[in-house]
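The next block holds one structure in the form of structure tokens; read it before the comments.
The first residue in the sequence is number 1, and the count goes up from there.
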Amino acid sequence: MAATWREAPRMGTGERAVAIKACADMALALLQASQGAGLEPDAGRFDDSLHHAAWGLIRRHCGDREFDAERLAVLLECSRASLYRLFARHGEGVASAIWTARLEAAWQQVTVHDGAGLAARASLSDIALRCGFSDPSTFQRMFKRRFGMSPREARAQGR
């Protein structure tokens with residue numbers, strides 16, 4: 001919850017609403033656990049909220065080449081082991097989630113169009129760097145593996 005509070009000024013209105021719901025779910029789970037009066041905490045709800053918060057942080061920071069599982073755990077104020085267990089319960093890997101967010105951000109930038117329907121003119125190398133890739137060839141290889149076409153082909157197809 002503290003991590004969400006720190007990130008709130010950089011969030012949009014919709015993101016803040018989702019973050020508030022996630023915090024409310026976590027607070028409810030903690031209250032249920034502390035009551036002890038036969039109430040079992042809704043761990044699944046807490047897990048879902050924490051997972052959702054983690055994905056929000058991943059999307060926000062995926063353009064940073066230094067962003068990794070360690071930094072995500074620090075932002076969420078949990079251990080790396082807890083973070084890996086959380087993602088495993090959702091059938092995901094932390095590094096895979098970060099790469100997925102980077103590739104989705106790249107797709108958005110590669111296929112973005114101006115008002116006239118023309119693809120934006122940012123170079124593919126610039127897009128790769130903005131999306132957290134340090135090497136354009138790695139970006140191109142991973143993009144093609146994920147989307148079945150090169151960034152150049154995706155840009156051309158979008159025209």
Side-chain angles (χ1 to χ4, degrees), residues 1-23 25-26 29 43-114 118-159:
M1 287 189 271
T4 301
W5 181 257
R6 281 192 310 276
E7 292 291 324
R10 292 183 285 279
M11 293 179 186
T13 304
E15 291 173 315
R16 252 188 243 118
V18 170
I20 289 169
K21 183 185 179 329
C23 284
D25 288 346
M26 286 187 264
R45 191 170 174 183
F46 179 76
D47 256 13
D48 289 344
S49 295
L50 189 58
H51 184 256
H52 192 76
W55 264 102
L57 288 168
I58 288 169
R59 285 186 190 98
R60 177 171 320 304
H61 295 283
C62 68
D64 178 358
R65 284 181 292 246
E66 303 298 316
F67 187 72
D68 59 6
E70 182 74 34
R71 185 134 164 249
L72 179 59
V74 168
L75 289 171
L76 288 171
E77 296 184 359
C78 69
S79 69
R80 274 186 28 189
S82 295
L83 182 66
Y84 282 109
R85 282 192 299 271
L86 171 70
F87 273 78
R89 283 191 295 271
H90 286 85
E92 301 170 326
V94 179
S96 175
I98 293 169
W99 285 114
T100 295
R102 287 178 174 153
L103 288 166
E104 288 173 1
W107 176 267
Q108 291 296 318
Q109 292 182 40
V110 166
T111 60
V112 71
H113 292 82
D114 64 12
L118 298 172
R121 292 293 162 210
S123 77
L124 295 175
S125 294
D126 286 343
I127 290 172
L129 292 173
R130 281 196 307 247
C131 293
F133 293 88
S134 55
D135 177 36
S137 64
T138 300
F139 164 67
Q140 296 213 11
R141 186 176 61 254
M142 291 183 77
F143 191 98
K144 186 164 187 162
R145 186 179 308 144
R146 170 77 166 86
F147 299 112
M149 64 182 83
S150 71
R152 184 167 278 114
E153 291 168 334
R155 178 171 274 174
Q157 183 182 33
R159 287 189 196 147

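Under a cut-off of 6.0 angstrom, the local environment of CZ in Arg71 is crowded, with over 12 non-hydrogen atoms contributed by other residues, nucleotides or ligands.
Note that the CD1 atom of Ile58 and the CG atom of Asp68 stand 11.0 Å from one another [nearest 0.5 Å]. In this structure, NE2 on His51 lies 10.5 Å from CG on Leu76, to the nearest 0.5 angstrom. Taken to the nearest 0.5 Å, the CD1 atom of Ile98 stands 6.0 Å off from the CG atom of Leu72. The SG atom of Cys131 sits 8.5 Å away from the CG atom of Leu103 when rounded to the nearest 0.5 Å. For the atom pair CG of Asp135 and CZ of Phe133, the computed distance is 10.5 Å after rounding to the nearest 0.5 Å. Taken to the nearest 0.5 Å, the CG atom of Leu50 stands 11.5 Å off from the NE2 atom of His52.
Sequence neighbours left out, the pairs with a member in residues 83-94 that pass salt bridge (Lys or Arg N to Asp or Glu O under 4.0 Å) are Asp47-Arg89.
Proximity of Trp99 to Arg102: side-chain heavy atoms (C-beta onward) are separated by under 4.5 Å at one or more points. For the pair Thr111 and Gln157, the minimum side-chain heavy-atom distance is 4.5 Å or more.
Every salt bridge (Lys or Arg N to Asp or Glu O under 4.0 Å) that Glu70 has, sequence neighbours left out, goes to Arg80. With sequence neighbours left out, Arg130 forms a salt bridge (Lys or Arg N to Asp or Glu O under 4.0 Å) with no residue at all. For Arg65, there are no salt bridge (Lys or Arg N to Asp or Glu O under 4.0 Å) partners two or more places apart in sequence or in a different chain. By the side chain to side chain contact (heavy atoms under 4.5 Å, CB included) test, Ser123 pairs with Ser125, Asp126, sequence neighbours left out.
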Run the side chain to side chain contact (heavy atoms under 4.5 Å, CB included) test on Arg60 and Leu75 for me, step by step, so that the C-alpha distance in whole Å, both residues' side-chain angles and the decisive distance to 0.1 Å come before the verdict.
CA-CA 12 Å; Arg60 177 171 320 304; Leu75 289 171; over 6 Å; no
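Below 30°, between 30° and 60°, or above 60°: for Phe67 and His61 the angle between ring planes is below 30°, a parallel geometry.
Pairing each heavy atom of Ala154 with each of Trp107, the nearest pair is CB-CZ3, 3.7 Å. What you find for Glu66 and Asp64 is that their closest heavy atoms are N-OD1, 2.9 Å.
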Please tabulate, for the side chains in residues 141-148, all donor-acceptor contacts under 3.5 angstrom to protein atoms that are two or more places apart in sequence or on a different chain.
none

